[in-house]
Amino acid sequence: MGKTNTKHILSADAASLFSDFDIELFKGGVHYRLYEKMGAQRVTKGNAEGILFSVWAPGAGSVSVAGDFNGWDKNAHPMHARWDSSGIWELFVPDLAPGTPYKFIVRNGDFEAEKSDPFAFQCEVPPRTASLIPAADTFRWTDKKWMQERHLKQNEHAPLSIYEVHLGSWKRKDGNEFLSYRDMAGELPAYCREMGFTHVELMPVMEHPFYGSWGYQQTGYFAPGSRFGTPQDFMHLINELHKAGIGVILDWVPSHFPTDAHGLQYFDGTHLYEHSDPRKGFHPDWQSSIFNLGRNEVRAFLISNALYWLDRFHVDGLRVDAVASMLYLDYSRKEGEWIPNEFGGRENLESVQFFRQLNDAVHASYPDVLTIAEESTAWPGVTQPASAGGLGFDRKWMMGWMHDTLLYFAQDPVYRSYHQELLTFSIIYTYSEKFILPFSHDEVVHGKHSLLRKMPGDEWQQFANLRLLFGYMAAHPGGKLLFMGDEFGQSGEWRHDYSLDWHEASGDKNKGVQQLVKDLNHLGNHPALADNYNPSGFEWIDFSDRDNCVISWLRKGTNGSFLVCIFNFTPVVRRNYRLGMPEAGYYTELLNTDAAVYGGSDVHNTQLETAPFARHGRTHSLSLTLPPLATLVLEYKGPNF
């Protein structure tokens, strides 16, 4: 594990890494280690060391390799088509130095294109578009402890708090220059550990020509983005995150790819990777091409790519982008702009097969790795195993919760009593899938405002609402995801061309939010909150107090522990608020988002003892003071204190 490029030994007369069995697997769409065979593989052939090039271009009339090594002569190094109708072309070229730029020259009749290597392990820094001969991998992983214990950190009973990061804009150097992977390795792991995040989710790191696509329009599926360093530099970042106890999730994009001439589009003069019919092969929203998942070799390409990152880079999870766009044939299309499936429906059966095949392949090799679906509809069984008719993902983003929650919080508190179902509805379906609650980058761009500025009221109320929001999120069942900058209450929207506004983090109110997020992350380790997917771990106390805009529930651990979670969604202090308790005795405040340390007004409860007054179906109750716009978490101390 952990090799970017492995040296292969070939006999003097051999010129291929493919066995007949490899070709059979490739044609059947079930060769999941194509990165060990395709692209530019470092080999020794006889007494010569060099590179064995392999590329899939079945429609091509000829293919050659051009680069700095031959003066970009398109005819100097013609490749040879295999005899087995696989469509794979091969060529051995001796004595190629690491870092040498190259491309494939693909011809088909009048068609001629200079194509980047679909399996390139390294690419030139954009706007240059050539692939690079990989260096021999000398990186030494030192994350053995993390890898051995990863199953303990990623199972259903472990807390999951994800920090979503865009590498190009988390921080920048003076002069607005990018931090390199190694620069990030010196700061990001320590910050995440200090803040209590369990994982980082990196927005796509795969090579992409247009920086403003945020990585979602990729041309180099096997190459970490060269803007920030080499593949070995990226390994170093992951290694340091693991040593800090932080898991790494990558955004992964099998839904579409850009139409750049050097990329996968019309690769061999035919629609090779994409559907030929634009009703299936062109995405109207993103002006990009859609993978033809009905083609075996394309599925093998994508699943090999998924396993590549898990194998060579020790990645701990893949968050699959735009799953809904792949599941529905009519996604963002009007009538007449899409083709029904064989049964006349709008479900994309090829995508369903692909997701099941993907998740089965990932979990067969890496059972402790997480696959996460960004799926925004009510498609059933996203996190059910493929064997049970599901798609096989481990987690799903809870997009409905995100939408309803932000819609509720946008209301002025005086009107919130009319919208309380926006908060309570999610509990009806929260255990139907294994959900992650996301406040992602998509919610803080394009005029949507930062999370802080989404909140109503003056500055004090905005910060109080934000703290309340984070407390509500932490207490709600499900994993958690916060986009960078949210954790200190950045006031401006995210700008991918600049650093986060870290100077704001030194403000008193911002420091309070940051401390709260840190404390909430650590609170997530509590047995009553860590197990997010057990329906017996949640119990309502009261969801019907619309007049006061207060809701309350219990979170319960399998060890018998429980926490009382109370939310006051108005700026009014509620005194002598009586709430039924599951046990008689003493309670203390475990967390109060209105505490002075978080920038709040410091309305507190001191010693709390139940009285034998029945409330909410319980024999004993507490008389509480509810802080304004605050989350209150109480812990039971027992019958005696």
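Atom CD1 of Ile238 sits about 11.5 Å away from atom CE of Met184, to the nearest 0.5 Å. Here CD of Glu164 is found 5.0 Å from CG of Leu481. Values are rounded to the nearest 0.5 Å. We find the OH-OG1 distance between Tyr408 and Thr424 to be 9.5 Å, quoted to the nearest 0.5 Å. The OG atom of Ser426 lies 13.0 Å from the CE atom of Met402; values are rounded to the nearest 0.5 Å. Rounding to the nearest 0.5 Å places CZ of Arg578 at 5.0 Å from OG of Ser623. The line from CD of Gln420 to OG of Ser544 is 8.0 Å long, rounded to the nearest 0.5 Å.
Partners of Asp501 under the side-chain hydrogen bond (donor to acceptor under 3.5 Å, both in side chains) rule, at least two apart in sequence or in another chain, are Arg495. In this structure, Asn510 has no side-chain hydrogen bond (donor to acceptor under 3.5 Å, both in side chains) partners at least two apart in sequence or on a different chain. Looking at residues two or more places apart in sequence or on another chain, you find a ring pair (Phe, Tyr, Trp, His ring centres under 6.0 Å) between Phe409 and Phe569. For His446, the ring pair (Phe, Tyr, Trp, His ring centres under 6.0 Å) partners at least two apart in sequence or on another chain are Trp214. When the ring pair (Phe, Tyr, Trp, His ring centres under 6.0 Å) test is applied to Trp309, the partners found at least two apart in sequence or on another chain are Phe313. For Phe355, the ring pair (Phe, Tyr, Trp, His ring centres under 6.0 Å) test picks out Phe393, with sequence neighbours left out. Evaluation of the side chain to side chain contact (heavy atoms under 4.5 Å, CB included) rule for Ser561 yields His526, Pro527, Ala528, Asn559 as partners, not counting sequence neighbours. Partners of Ser491 according to the side-chain hydrogen bond (donor to acceptor under 3.5 Å, both in side chains) rule, which considers only residues two or more places apart in sequence or in another chain, are Glu504.
A donor-acceptor pair is defined here as one N or O able to donate and one able to accept, closer than 3.5 Å; such a pair exists between the side chain of Thr593 and the backbone of Thr631.
Side-chain contact, Thr377 with Glu375: a donor N or O sits under 3.5 Å from an acceptor N or O. Ser601 and Asp594 form a side-chain donor-acceptor contact under 3.5 Å, judged by distance and modelled atom types alone. Thr570 and Asn548 share no donor-acceptor pair across their side chains, judged by distance under 3.5 Å alone. Counting only N and O atoms by type, the side chains of Tyr163 and Trp170 include a donor and acceptor under 3.5 Å apart.
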Task: Full working for side chain to side chain contact (heavy atoms under 4.5 Å, CB included) between His419 and Leu407 - done: CA-CA 9 Å; His419 302 280; Leu407 183 59; over 6 Å; no

TODO: Might you work through the side-chain hydrogen bond (donor to acceptor under 3.5 Å, both in side chains) test for Asn592 and Arg467, ending with a clear yes or no?
DONE: CA-CA 10 Å; Asn592 182 340; Arg467 296 191 302 268; over 6 Å; no

Open item on the list: Test side chain to side chain contact (heavy atoms under 4.5 Å, CB included) on Phe354 and Ile303; report intermediate values, then the result.
Closed with: CA-CA 9 Å; Phe354 168 73; Ile303 296 175; 3.8 Å; yes

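Minimum heavy-atom separation, Gly478 to Tyr533: C-OH, 4.2 Å. Phe538 and Arg555 get closest at one heavy-atom pair: CD1-CD, 4.0 Å.
Ring geometry for Trp494 versus Phe483: interplanar angle over 60°, hence perpendicular rather than tilted (30 to 60°). Below 30°, between 30° and 60°, or above 60°: for His441 and Tyr216 the angle between ring planes is below 30°, a parallel geometry.
Residue pairs that meet the salt bridge (Lys or Arg N to Asp or Glu O under 4.0 Å) test with at least one member in residues 416-441, sequence neighbours left out, are Glu156-Lys434, Glu421-Arg546. Among residues at least two apart or in separate chains, salt bridge (Lys or Arg N to Asp or Glu O under 4.0 Å) pairs with a member in residues 612-639 are Glu539-Arg618, Glu635-Lys637. Annotation: ring-ring contact (aromatic ring centres under 6.0 Å, His included) contacts involving residues 589-632, sequence neighbours excluded, are absent.
Salt bridge annotation for Lys243-Asp143: absent, with no cationic side-chain nitrogen under 4.0 angstrom from a carboxylate oxygen. Using a 4.0 Å cut-off between charged nitrogen and carboxylate oxygen, Glu493 and Lys448 do not count as a salt-bridge pair.
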Output a table of donor-acceptor pairs, distance under 3.5 Å, between side-chain atoms of residues 195-204 and any protein atom two or more places apart or on a different chain; print 'none' if there are none.
unit_1, atom_1, unit_2, atom_2, d
Thr198, OG1, Ser161, N, 2.9
Thr198, OG1, Ser161, O, 3.2
His199, NE2, Gln154, OE1, 2.9

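Ring-centre distance between Phe543 and Trp553: not below the 6.0 Å cut-off.
Contact of the Phe470 side chain with the Asp486 side chain is registered, since non-hydrogen atoms from C-beta on lie closer than 4.5 Å. Side-chain atoms of Val205 and Leu167, non-hydrogen and from C-beta on, do get closer than 4.5 Å to each other.
More than 12 heavy atoms of other residues, nucleotides or ligands lie within 6.0 Å of CZ in Arg453, so this atom counts as buried by the packing criterion.
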